Amino acid sequence: SKGKVDDTNKPNLLAQNFKAEGLREKLVSDITYIYTKEKGWTYLAIVMDLYSMSIIGYSYGDTMDAELVIKAIQNARNKGKFKAGAIFHSDLGSQYTSNKVERYLKELDLKHSYSKKGYPYDNASMESFNAILKKEEVNVNNYETFEEAKLAIFEFIESWYNNKRIHRTIGYVTP
């Protein structure tokens, strides 16, 4: 990473309150790394709705940039309108703090909330999803190609995580 991230004016609006009153009111996001033989490291940007605990948007690519994050947010937005002034929470990664992403969030009337540097508890729900993705899918497979990994991730999120896996935080039901 390029030196210290300046987190002045980067408020943590979520403040570890992961309870949401309704859909599309509190969103959390993160980027995780997935290895493929063909391309080396590839990147998955995810947007989760804290009310349903479901992955409502994601984007998978071979570059970790602002565009990857924007695509994930667009895919989430395509599933339905966000509440006005909804919270969008992320870490202080350069993709999330880029002007492109900040501008896009403003356009959508999303309030950007940030985890403190090196403090994963601020985004516990996202960390938990990443751990499950790694443990139950990525670490038990070797992906030859980008396309193979993409399909596996799609199936994991759409068929398994969002539809079959039960979540303690929402009363042991599926999202």
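This structure is a prediction, so every number in the text was calculated from the model and none was measured. Just so you know, residue 1 is the first one in the sequence shown, and it goes up from there.
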query: Once you round to the nearest 0.5 Å, how far does CZ of Arg77 lie from CG of Leu27?
result: 11.5 Å
- prompt: Backbone N or O of Ser98 within a donor-acceptor pair of the Glu102 side chain at under 3.5 Å?
  reply: no
query: So with a 6.0 Å cut-off around NZ of Lys111, is the heavy-atom count from everything else above 12?
result: no
field: Least distance between heavy atoms, Asn123 atom then Ser115 atom
entry: CB-OG, 3.7 Å
- prompt: Shared ILVMFWY cluster between Phe18 and Phe129, side chains joined below 4.5 angstrom?
  reply: yes
- request: Indicate the atoms forming the closest heavy-atom contact of Gln95 with Val101, along with that distance.
  value: O-CG2, 3.2 Å
message: So which atom in Tyr51 and which in Ala20 form the shortest heavy-atom distance, rounded to 0.1 Å?
response: CD1-O, 3.1 Å
message: Looking at Asn99, I'd like to know if its CG atom is crowded, meaning that more than 12 non-hydrogen atoms belonging to other residues, nucleotides or ligands lie closer than 6.0 Å.
response: no
Positive for ring-ring contact (aromatic ring centres under 6.0 Å, His included) with Tyr60, one of Tyr43, Phe146, Phe156, Tyr143: Phe146
message: Is the shortest side-chain heavy-atom distance between Asp91 and Tyr119 below 4.5 Å?
response: no
task: Could you check if a side-chain atom of Glu148 sits within less than 4.5 angstrom of a side-chain atom of Thr36, using non-hydrogen atoms only?
output: no
query: Are Tyr58 and Val47 side-chain neighbours, meaning at least one heavy-atom pair lies under 4.5 Å?
result: no
task: Assess whether atom NZ of Lys79 is packed by more than 12 heavy atoms of other residues, nucleotides or ligands within 6.0 Å.
output: yes
query: Taking the side chain from Ser29 and the backbone from Ile46, do they hold a donor-acceptor pair closer than 3.5 Å?
result: yes
Working for side-chain contact (heavy atoms from CB on, under 4.5 Å), residues Ser54 and Met48: CA-CA 6 Å; Ser54 66; Met48 175 190 273; over 6 Å; no
task: Measure from the side-chain N and O atoms of Asp49 to the backbone N and O of Arg24, and report whether any donor-acceptor pair falls under 3.5 Å.
output: yes
message: Checking the side chain of Ser128 only, and the main-chain atoms of Ala124 only, is there a donor and an acceptor separated by less than 3.5 Å?
response: no
task: Answer yes or no: does atom NZ of Lys106 have more than 12 heavy-atom neighbours from other residues, nucleotides or ligands under 6.0 Å?
output: no
- request: Would you confirm whether Asp122, through its side chain, and Lys116, through its main-chain N or O, come within 3.5 Å as a donor-acceptor pair?
  value: yes
statement: When every non-hydrogen atom of Ala152 is compared with those of Glu137, the smallest separation belongs to CB-OE2, 3.4 Å
message: Is it the case that the side chain of Asn162 and the backbone of Glu158 share a donor-acceptor pair, with hydrogens and angles ignored and the cut-off at 3.5 Å?
response: no
- prompt: Should we say atom CG of Asn142 is surrounded by more than 12 heavy atoms from elsewhere, each under 6.0 Å from it?
  reply: no
query: Any side-chain heavy atom of Leu105 sitting closer than 4.5 Å to one from Ile73?
result: yes
Side-chain heavy atoms of Ser125 within contact of Leu50, under 4.5 Å: yes
Least distance between heavy atoms, Lys26 atom then Lys19 atom: NZ-O, 2.7 Å
- prompt: Just wondering, do Thr145 and Lys39 contact through their side chains at under 4.5 Å, heavy atoms?
  reply: no
query: What are the two closest heavy atoms between Trp160 and Glu136, and how far apart are they?
result: NE1-OE1, 2.9 Å
query: Taking Ser113 for the side chain and His89 for the main chain, is one N or O donor matched with an acceptor at less than 3.5 Å?
result: no
field: Pairwise side-chain contact, Ile31 with Leu44, heavy-atom cut-off 4.5 Å (strictly under)
entry: no
- request: Measure up the His112 and Tyr96 rings against each other and bin them: parallel (under 30°), tilted (30 to 60°), perpendicular (over 60°).
  value: perpendicular
task: State, yes or no, whether a side-chain contact exists between Ser52 and Leu23 at a heavy-atom distance under 4.5 Å.
output: yes
message: Using side-chain contact (heavy atoms from CB on, under 4.5 Å), reason through Thr42 and Tyr33 one step at a time and then give a plain yes or no.
response: CA-CA 6 Å; Thr42 59; Tyr33 299 60; over 6 Å; no
Distance, nearest 0.5 Å, that separates CD1 of Ile55 from CD1 of Ile153: 12.0 Å
